[in-house]
Protein chains: 2
Amino acid sequence: MKTSANKTMPAARNAELDDSLKLWVVLARAYGAVARHMEAEVARHELTSMEFGILEALHHKGPMLLGEIQKKILVTSGGITYLVDRLVTKGLVKRQECPSDRRARYAVLTPAGSALISGIFPAHAQAIARAVSGLSARERADATKLMRKLGLAAAALTTE
Amino acid sequence: MKTSANKTMPAARNAELDDSLKLWVVLARAYGAVARHMEAEVARHELTSMEFGILEALHHKGPMLLGEIQKKILVTSGGITYLVDRLVTKGLVKRQECPSDRRARYAVLTPAGSALISGIFPAHAQAIARAVSGLSARERADATKLMRKLGLAAAALTTE
DNA sequence: ATTATATATCTCAGTTCTAAGCTGTTTAGC
DNA sequence: GCTAAACAGCTTAGAACTGAGATATATAAT
């Protein structure tokens with residue numbers, strides 16, 4: 001007979017719960033530690049991580065509808081309005097009407113916004129690389145695979 | 001000659017940056033997806049994740065100084081005052097003076113707080129276990145090892 | 001002992017968001 | 001075409017913090 005867990009084996013069940021909690025704890029700590037490096041880097045340019053996320057998305061994908069950005073960076077509809085307002089005030093982004101849907105707006109990088117994100121992206125990437133440099137290339141590849149699988153599975157549970 | 005990266009090989013350097021960014025993206029997504037499950041669970045009991053973190057710490061470690069909790073859950077000094085105030089208002093925690101240092105206060109679970117955290121912790125643990133159940137036991141063990149290493153290394157960089 | 005410095009918590013103003021509801025627009029069903 | 005539902009973005013109130021400074025106490029240096 002195998003010794004694997006089943007629902008009538010409290011000891012094995014507890015081991016699974018404990019292992020899961022431990023994973024959650026170290027995942028949260030790892031995320032937090034890397035996030036602090038990332039935020040410190042973008043803060044040098046007077047940006048929050050959310051503002052940076054929008055600039056980065058526009059930099060790589062070109063003009064996007066506000067709703068598209070919203071799904072990408074996971075904020076509420078009020079949040080995306082607030083964030084884009086801030087970027088507009090800073091002169092980094094402008095709103096542009098959508099010809100095919102008069103409810104929707106595009107967010108577009110201004111020349112200043114485009115110059116800023118192009119200028120700071122390399123340093124941002126290096127800050128991230130430095131923050132994760134505690135893992136070898138092989139370990140980073142393994143971690144990426146595991147985190148991708150974990151993230152997709154957990155996100156799928158949400159929508160179910 | 002080996003083909004490994006060095007500082008004069010732009011292509012290899014870019015590969016390392018790209019891999020690091022990819023790890024950061026999937027790490028952030030995995031953390032966010034699991035965190036949402038965790039927060040949805042504690043929200044069922046009218047608690048934020050920070051409030052839950054305090055109750056959990058007190059549950060497992062007994063009375064703690066506010067400063068100890070602050071380091072553990074990583075909030076500012078203003079934040080710990082605010083959070084403990086809220087828990088006191090809810091009747092879950094009380095402050096207690098420290099006999100050896102009149103500046104310091106202990107946070108102590110009230111009977112109601114103790115009953116609450118004992119009652120909801122099992123469901124919390126199961127919610128986490130469910131959220132990370134997309135990985136096998138082996139994968140969870142691997143992920144735990146990698147995240148611990150990553151977290152410690154990234155945190156060490158901060159203090160340097 | 002006295003002074004300087006560090007520490008623990010609190011206060012308060014300000015920042016960054018969320019949640020709920022609103023407006024204007026589009027799409028689907030009849 | 002007309003109504004109903006869904007949708008995109010905006011508004012508002014307020015929650016959950018942060019950051020800087022204030023207060024009281026403790027520790028160290030002279």
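For clarity, every value in this text was computed on a predicted model and none was experimentally measured. The chains referred to below are lettered A, B, ... by the order of the sequence lines, with proteins before strands, and numbering in each begins at 1.
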Problem set entry | Closest contact, heavy atoms only, B/Met50 versus B/Leu74 | CE-O, 4.5 Å
Atom [atom1] of [X] to atom [atom2] of [N]: distance rounded to whole Å?
X        : N      : atom1 : atom2 : value
A/Arg105 : D/dG9  : CZ    : C1'   : 7 Å
B/Glu46  : D/dA16 : CD    : C1'   : 16 Å
B/Leu83  : C/dT9  : CG    : C1'   : 14 Å
B/Gln96  : C/dT9  : CD    : P     : 14 Å
B/Glu39  : C/dA19 : CD    : C1'   : 15 Å
A/Glu97  : C/dT26 : CD    : P     : 11 Å
B/Arg102 : C/dA6  : CZ    : P     : 22 Å

Does the side chain of [X] get closer than 4.0 angstrom to OP1 or OP2 of [N] through an N or O atom?
X       : N      : result
B/Arg95 : C/dT9  : no
A/Tyr82 : C/dT16 : yes
B/Arg86 : D/dA16 : yes

Exercise. To the nearest 0.5 Å, what is the distance between CZ (A/Arg105) and CD1 (A/Ile69)?
Worked result: 13.5 Å
Exercise. With under 30° as parallel and over 60° as perpendicular, where do the rings of B/Tyr31 and A/Trp24 fit, or are they tilted in between?
Worked result: parallel
Exercise. What orientation do B/His59 and B/Phe121 show, parallel under 30°, tilted 30 to 60°, or perpendicular over 60°?
Worked result: tilted
Exercise. Can you tell me if A/Arg86 and A/Thr48 form a side-chain donor-acceptor pair at under 3.5 Å?
Worked result: yes
For this session: On DNA chain D, check which nucleotide each of A/Arg103 and A/Asp85 is closest to and give me the residue with the more 5' one.
Result: A/Arg103
For this session: Please tell me which of the listed nucleotides, C/dA8, D/dC10, C/dT26, lies nearest to the side chain of A/Thr81?
Result: D/dC10
Let me check something: do [X] and [Y] share a hydrophobic cluster, defined by ILVMFWY side-chain heavy atoms less than 4.5 Å apart, either directly or through other members?
X       : Y        : value
A/Met38 : A/Ile73  : yes
A/Val34 : B/Leu152 : no
B/Leu17 : B/Val25  : no

Problem set entry | Ionic contact status for B/Lys90 with B/Glu51, cut-off 4.0 Å | yes
Problem set entry | Interface residues of residues 66-80 of chain A with DNA chain C (non-hydrogen, below 4.0 angstrom) | A/Val75, A/Thr76, A/Gly78, A/Gly79
For this session: Could you identify which residues of residues 50-64 of chain A place a heavy atom less than 4.0 Å from some atom of DNA chain D, listed by residue number, or say none?
Result: none
